[in-house]
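The structure under discussion appears below in the form of structure tokens.
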Amino acid sequence: MASPIEQFQIKPIIPAINFTNSSLFMVGAVAVIVGGLLLATRKRAVVPGRAQSVAEVLHDFVAGTLRDAAGVEGMKFFPLVFSLFMFVLTANLLGMIPGFYTVTSQVIVTFSLAILVIGTVVVYGFVKHGTHFLGLFVPSGVPAWLLPFIVVIELISFLSRPISLSLRLFANMLAGHIALKVFAGFVVALLGAGGMISILAPLPLLMAVALMALEFLVAALQAYVFTVLTCIYLNDALHPGH
């Protein structure tokens, strides 16, 4: 039985420019997003069709999430948040297709997205608020003797954000795909064993089907969680005071 980790191996496609299977599916995810949105909105009908309705629902969903977390002022970050949501969602769903590569199962990809978010928070925070942005690490109402400890804790918490944001997405996609591969391997092994043992093959098959349905839910849920946390962090850049 093939190793369940084999599906996550990065393989070169064009070695001269270091273009790998991961690069291919990242480009593919972007192409699907851009092509799908252009196709869905090409008519811009007053009474939308199915494709345009889906595009509008996605737009309104992300816009509502951003407004709830960061207020109307946060809408200036809508292009960034919408792009991140669509990329993570599309990459997750493409990874569910047998034989396709799951880009978000690579921690370097998810960490890069997280660094983009935190970098935007830091840069915008200092540009907009100057040194007042450091108020993010100084909660109000804290006694002076306790303040140094609280500042250190707040700073560590802030620096851990890209780690937690990236690991949450990476770990969920990695674990789900490994579980699917393991149960699929059990089905093949039991069928190949023959005899009475092959009768047990439907059991891991049923589990694999259930895991597949759960994994589709996780793929959408992780895109939502990544988006919500991004909106919350961007709110800190807009309103750094506690």
Side-chain angles (χ1 to χ4, degrees), residues 3-11 18 20-30 33 61-62 65-66 68-70 74 77 80-97 100-125 136-137 150-183 210-237 240:
S3 169
I5 305 298
E6 184 180 354
Q7 59 183 314
F8 305 113
Q9 290 181 353
I10 295 180
K11 301 175 182 178
N18 200 28
T20 65
N21 53 346
S22 180
S23 306
L24 176 64
F25 280 94
M26 281 191 279
V27 172
V30 173
I33 295 167
F61 172 74
V62 176
T65 302
L66 182 56
D68 291 342
F77 293 112
L80 171 64
V81 177
F82 185 75
S83 298
L84 287 172
F85 172 76
M86 291 300 298
F87 178 80
V88 173
L89 178 63
T90 304
N92 288 351
L93 293 178
L94 284 178
M96 296 301 300
I97 301 175
F100 279 33
Y101 189 81
T102 310
V103 172
T104 46
S105 67
Q106 293 295 322
V107 69
I108 188 61
V109 174
T110 59
F111 186 72
S112 298
L113 296 177
I115 286 295
L116 173 62
V117 173
I118 302 303
T120 301
V121 171
V122 172
V123 171
Y124 182 86
L136 182 65
F137 309 109
I150 297 299
V151 169
V152 171
I153 293 173
E154 290 287 341
L155 184 59
I156 293 174
S157 175
F158 184 84
L159 294 177
S160 67
R161 286 180 176 181
I163 298 175
S164 62
L165 189 61
S166 59
L167 288 182
R168 182 181 293 104
L169 176 58
F170 151 76
N172 276 278
M173 300 312 298
L174 183 75
H177 281 65
I178 289 177
L180 281 174
K181 184 74 171 181
V182 168
F183 279 99
L211 280 174
M212 178 70 77
L214 179 62
E215 193 67 6
F216 273 106
L217 176 62
V218 170
L221 183 61
Q222 286 305 309
Y224 171 69
V225 171
F226 194 95
T227 303
V228 169
L229 291 176
T230 296
C231 294
I232 293 173
Y233 297 157
L234 290 171
N235 180 58
D236 288 340

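Ring geometry for Tyr124 against Phe77 counts as perpendicular: the plane angle is over 60°, on a 0 to 90° scale with 30° as the lower cut. Note on ring orientation: taking the six-membered ring where Trp is involved, the planes of Phe137 and Phe158 are perpendicular (angle over 60°, cut-offs 30° and 60°).
Note that CG of Leu165 is 6.0 Å distant from CG of Leu229, once rounded to the nearest 0.5 Å. If you take OG1 on Thr230 and CG on Leu66, they are separated by 10.0 Å, rounding to the nearest 0.5 Å. Atom OG of Ser164 and atom CG of Leu159 lie 11.0 Å apart (nearest 0.5 Å).
Between the Thr20 side chain and the Ser23 main chain, a donor and an acceptor come within less than 3.5 Å of each other. A donor-acceptor contact shorter than 3.5 Å links the side chain of Asn172 to the backbone of Arg168. In terms of modelled atom types and a separation under 3.5 Å, the side chain of Gln106 and the main chain of Phe8 share a donor-acceptor contact. Judged by distance alone, the side chain of Ser105 and the main-chain N or O of Leu174 form no donor-acceptor pair under 3.5 Å. In this structure, the side chain of Ser157 does not engage the main chain of Ile153 through any donor-acceptor pair within 3.5 Å.
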Determine, step by step, whether Phe61 and Tyr224 satisfy the ring-ring contact (aromatic ring centres under 6.0 Å, His included) criterion, reporting the C-alpha distance in whole Å, the side-chain angles of both residues, the deciding distance to 0.1 Å, and the verdict.
-> CA-CA 10 Å; Phe61 172 74; Tyr224 171 69; 5.6 Å; yes

What's the verdict on ring-ring contact (aromatic ring centres under 6.0 Å, His included) for Phe170 and Phe111, showing C-alpha distance, side-chain angles and the deciding distance?
-> CA-CA 9 Å; Phe170 151 76; Phe111 186 72; over 10 Å; no

Starting from the C-alpha separation in whole Å, work towards a yes-or-no answer on ring-ring contact (aromatic ring centres under 6.0 Å, His included) for Phe85 and Phe226.
-> CA-CA 7 Å; Phe85 172 76; Phe226 194 95; over 10 Å; no

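By the 4.5 Å heavy-atom criterion applied to side chains, Phe82 and Thr227 are not counted as neighbours.
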